[in-house]
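Have a look at the structure below, then the notes.
When reading the values below, keep in mind they use all heavy atoms of this one structure, side chains included, and skip hydrogens, waters and symmetry mates. Given the structure is predicted, the values throughout are model-derived calculations rather than measurements.
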Amino acid sequence: MSRAGKSSSSGGVRAALQRRALRLEYATIAWNLGEAVLTVGLGIAAGSLALIGFGTDSIIEVFASTVVVWHLRPGHETDHPERTRLALRLVAFAFGLLAVVLVTVAIRDLILGRRAGESPIGIAYLAVTACVMFGLAAAKRRVAERLGSAPLRSEAAMTFLDGILSTVTLTGLALNAVLGWWWADPAAALLVGIAAANEARENLSEASRIQDLGS
């Protein structure tokens, strides 16, 4: 095969991978938008800080997925360091804000002994969400490795974290509903906050690394 033919073939493979990545991101955005509305609504109805926090996290992931779509659109065949660095810093800020709110309110509820209502629908939905997020994260990671896309790889890690957070939140709500452990809900929210703080730190670290490479 000639050099031009190989280049065309390689470009076709990359275009196909980009389309696959975009489909995964659109699926993630659609799921998380519905997830945010449902879990925040259920959290307000049940007085569950963990569900409200989980819905807020879904909104943050919508933002992250939108950034990746921006990278994968036609004309953005390669990663641009400045755009990637800005995106990582914005996501880090959002995660940091989420961490501060959740940790503060969770500690307050633990001290005051505030009890959340039961939410069987929320528990069932979180179980489904965990399966969906872990599946999407694995698919994104495979495509990211083949594309060599740092933003997609980072967002895949965020989707995996969403699966972990749904599992943690599910556990807290289930313990509250089955065993009456009222502290499980704010404790789950506290874990979500700690995970969000760690994600903020990781994003800032990655942004600094990109800046060092570019200098």
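The shortest non-hydrogen separation linking Leu110 to Pro186 is CD2-CG, 3.6 Å. In plain terms, the two heavy atoms of Ala156 and Lys140 that are nearest each other are CB-CB, 3.6 Å. For the pair Ser166 and Gly163, the tightest heavy-atom approach, listed with the atom from each and the gap, is OG-O, 2.7 Å. Residues Ala21 and Leu152 share a closest heavy-atom pair of CB-CD2, 3.8 Å.
Judged as a side-chain contact (heavy atoms from CB on, under 4.5 Å), and not counting sequence neighbours, the contacts of Ala197 are Ala99. Taking the side-chain contact (heavy atoms from CB on, under 4.5 Å) definition, one finds that Ile194 meets it with Leu190, sequence neighbours left out. Qualifying side-chain hydrogen bond (donor to acceptor under 3.5 Å, both in side chains) partners for Asn203, counting only residues two or more places apart in sequence or in other chains: Glu199. Remark: Arg146 engages no residue in a salt bridge (charged side-chain N to carboxylate O under 4.0 Å, His left out) (not counting sequence neighbours). The side-chain hydrogen bond (donor to acceptor under 3.5 Å, both in side chains) search around Thr39 returns none, not counting sequence neighbours. Scanning for side-chain hydrogen bond (donor to acceptor under 3.5 Å, both in side chains) contacts around Arg23 gives an empty result, with sequence neighbours left out.
Pairs engaging residues 94-106 under the side-chain hydrogen bond (donor to acceptor under 3.5 Å, both in side chains) rule: none recorded [sequence neighbours left out]. Annotation: ring pair (Phe, Tyr, Trp, His ring centres under 6.0 Å) contacts involving residues 87-113, sequence neighbours excluded, are absent. Pairs engaging residues 96-111 under the salt bridge (charged side-chain N to carboxylate O under 4.0 Å, His left out) rule: Asp109-Arg114 [sequence neighbours left out].
Under a hydrophobic clustering in which Ile, Leu, Val, Met, Phe, Trp and Tyr are joined whenever their side-chain heavy atoms come within less than 4.5 Å, directly or via other members, Val100 and Leu191 fall into different clusters. If you chain together hydrophobic residues whose side chains sit under 4.5 Å apart, Phe160 and Met158 never meet in one group. Hydrophobic clustering keeps Ile52 apart from Ile59 (ILVMFWY residues linked when any side-chain heavy atoms are closer than 4.5 Å, directly or through intermediates). By the rule that hydrophobic residues join a cluster once side-chain heavy atoms approach within less than 4.5 Å of another member, Val143 and Trp31 end up as members of one cluster.
Within the 3.5 Å criterion, the main-chain N or O of Leu24 finds a donor-acceptor partner in the side chain of Thr28.
With contacts defined as side-chain heavy-atom distances shorter than 4.5 Å, the pair Leu161/Asn198 does not qualify.
Members clustered with Val37: none, using a 4.5 Å side-chain heavy-atom cutoff among hydrophobic residues.
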Listing, residues 62-69 side-chain donor-acceptor contacts under 3.5 Å, not counting sequence neighbours, or none:
{"from": "Ser65", "atom 1": "OG", "to": "Glu25", "atom 2": "OE1", "distance (Å)": "3.1"}
{"from": "Ser65", "atom 1": "OG", "to": "Glu61", "atom 2": "O", "distance (Å)": "3.0"}
{"from": "Ser65", "atom 1": "OG", "to": "Glu155", "atom 2": "OE2", "distance (Å)": "2.9"}
{"from": "Thr66", "atom 1": "OG1", "to": "Val62", "atom 2": "O", "distance (Å)": "2.8"}

In a table with atom names and distances, give each donor-acceptor pair under 3.5 Å that connects a side chain of residues 124-138 to protein atoms at least two apart or in another chain.
{"from": "Thr129", "atom 1": "OG1", "to": "Glu35", "atom 2": "OE1", "distance (Å)": "3.3"}
{"from": "Thr129", "atom 1": "OG1", "to": "Tyr125", "atom 2": "O", "distance (Å)": "3.0"}

